[in-house]
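Order of listing sets the numbers, starting from 1, for every ligand and every atom in it. Numbers for residues simply follow the sequence, beginning at 1. Note that the coordinates shown come from a computational prediction; the quantities given were computed from them, not determined experimentally.
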Amino acid sequence: MATTTVIECSPPVSQQDIEEILRTFSYSKHIVRNGKHFIIGNGKISRKELPFIHDSFTLKYVDSPFPLCSQEFQAKKSVVKVRDIEIGNGSPVIIAGPCSVESREQILTISTNLAAAGCHILRGGAFKPRTSPYSFQGLGHDGLKLLAEAREMSGLPFVTEVLTPVDVELVAGYADMLQIGARNMQNFALLREVGRTKKPVLLKRAPWADVVTWLQAAEYILAEGNFEVVLCERGIAATQASSGRHLDLAAVHKVQNLSHLPMIVDPSHGTGDRRLVGPMALASLEAGCDGLMLEVHHQPETSLSDKEQAISLEDYDGMLKKIKLLNSQMFVDPIKA
Ligand code: PEP
Ligand code: MN
């Protein structure tokens with residue numbers, strides 16, 4: 001297990017002290033969180049080896065490959081705020097919308113209907129990662145403008161994917177939450193760049209990644225000082241799975257035992273089949289996740305991307321009724337009931 005030394009420097013230190021401590025480690029990072037300075041260093045360094053550090057500094061040894069994400073660092077579960085929506089507060093959050101923003105009419109129709117039906121956060125891709133270079137690549141900057149208009153009309157904050165480090169500033173200028181897609185889970189330059197923003201980040205799990213590798217990817221974002229990270233399970237590669245994809249619901253439990261970060265599930269990409277989205281959404285909530293990401297389209301058959309998994313607004317309505325019923329049952333106190 002990789003041991004790190006986490007030094008909580010309080011009272012505040014001078015830049016010179018910080019630089020001196022940083023040099024003690026073979027590799028280290030300095031972050032500021034809630035006004036507190038932390039230095040995270042590779043290896044286990046004792047107080048004796050840091051003769052110049054202040055007596056009141058707290059030294060913590062975290063035996064974890066993802067120290068800042070770990071429950072050893074923070075036992076209390078994190079709540080991530082996207083505008084006034086809280087993810088991780090015990091009540092599931094629903095993120096819904098089309099795979100891609102396709103037109104003004106499409107995104108305004110979908111977002112206003114979702115808001116009326118009940119939805120917390122709108123989703124929609126403006127920059128799309130597509131397997132084929134000849135497939136619809138998204139509307140780019142125009143798509144961001146349309147999402148901003150949809151937010152204005154519907155009142156829903158939105159999450160959208162950012163594909164490259166150079167686009168982070170542009171996308172962060174519009175979006176309420178930045179999505180890192182499954183394909184980019186280990187794009188370290190991109191992870192660092194979103195870590196330098198103050199925007200909440202939705203980090204999807206790569207289909208080939210185990211839970212530890214996924215949390216290490218999240219660690220890149222936290223190590224830049226951005227703790228506003230939500231994890232999203234979206235199906236892993238599994239050759240024996242009935243559909244070629246496997247929605248790893250056991251990961252909900254595993255992650256929640258390892259990390260303080262909230263975690264949601266995306267049964268749309270996790271199944272690739274609209275008939276399975278509803279049942280897997282309910283199963284995800286039963287598994288104890290903090291929310292769902294659902295692909296919804298007003299005319300699913302015309303979707304320019306991920307058509308097979310898009311559910312209609314009518315199906316969304318029906319699904320939401322079941323979710324609300326399940327949710328009310330989930331939070332009934334069994335002793336009082
Ligand atoms: C998406 O959310 O539309 C998407 C491309 O997801 P993923 O990165 O999980 O494939
Ligand atoms: Mn999609």
For E295, the ligand 1 atoms whose distance to one of its heavy atoms is below 4.0 Å: 1 (C), 3 (O)
Geometric cation-pi criterion K60 and F73, 6.0 Å radius, 45° cone: yes
Minimum non-hydrogen distance to atom 8 (O) of ligand 1, winning option of S305, A182, G125: A182
Donor on one side chain, acceptor on other, Q16 and E20, under 3.5 Å: no
Protein contact of atom 4 (C) of ligand 1 - nearest heavy atom, named by residue and atom, plus distance: H269 NE2, 3.4 Å
Heteroatom proximity flag, K128 to ligand 1, N/O under 3.5 Å: yes
Close-contact set for ligand 1 against K204 heavy atoms, below 4.0 Å: 1 (C), 2 (O), 4 (C), 6 (O), 7 (P), 8 (O), 9 (O)
R123 bridged to E161 by N-O distance under 4.0 Å: no
Validation row: E102, S303 side chains within 4.5 angstrom (heavy atoms): yes
Heavy-atom side-chain contact between V162 and F127 under 4.5 Å: no
Subset of ligand 1 atoms that lie under 4.0 Å from at least one heavy atom of G181: 8 (O)
Within 6.0 angstrom of R275 CZ, more than 12 heavy atoms from elsewhere: no
Minimum non-hydrogen distance to atom 3 (O) of ligand 1, winning option of M185, Q309, R123: R123
Contact list for residues 239-257, test salt bridge (Lys or Arg N to Asp or Glu O under 4.0 Å), sequence neighbours left out: R205-D248
Atoms of type N/O/S from protein, distance to the Mn ion (ligand 2) below 2.8 Å: 4
SB check D266 K204 (cutoff 4.0 Å): yes
Q179 N/O under 3.5 Å from ligand 1 N/O: yes
Closest non-hydrogen atom pair between C119 and I94, with its separation: SG-O, 3.8 Å
Worked check of side-chain contact (heavy atoms from CB on, under 4.5 Å) between K128 and L304: CA-CA 11 Å; K128 294 300 301 176; L304 295 179; over 6 Å; no
Identity and separation of the nearest protein heavy atom to atom 9 (O) of ligand 1: R234 NE, 2.6 Å
Side-chain donor/acceptor of Q106 to backbone N/O of S100, under 3.5 Å: yes
Per-atom contacts of ligand 1 with C99, taking only distances under 4.0 Å to non-hydrogen atoms: 3 (O)
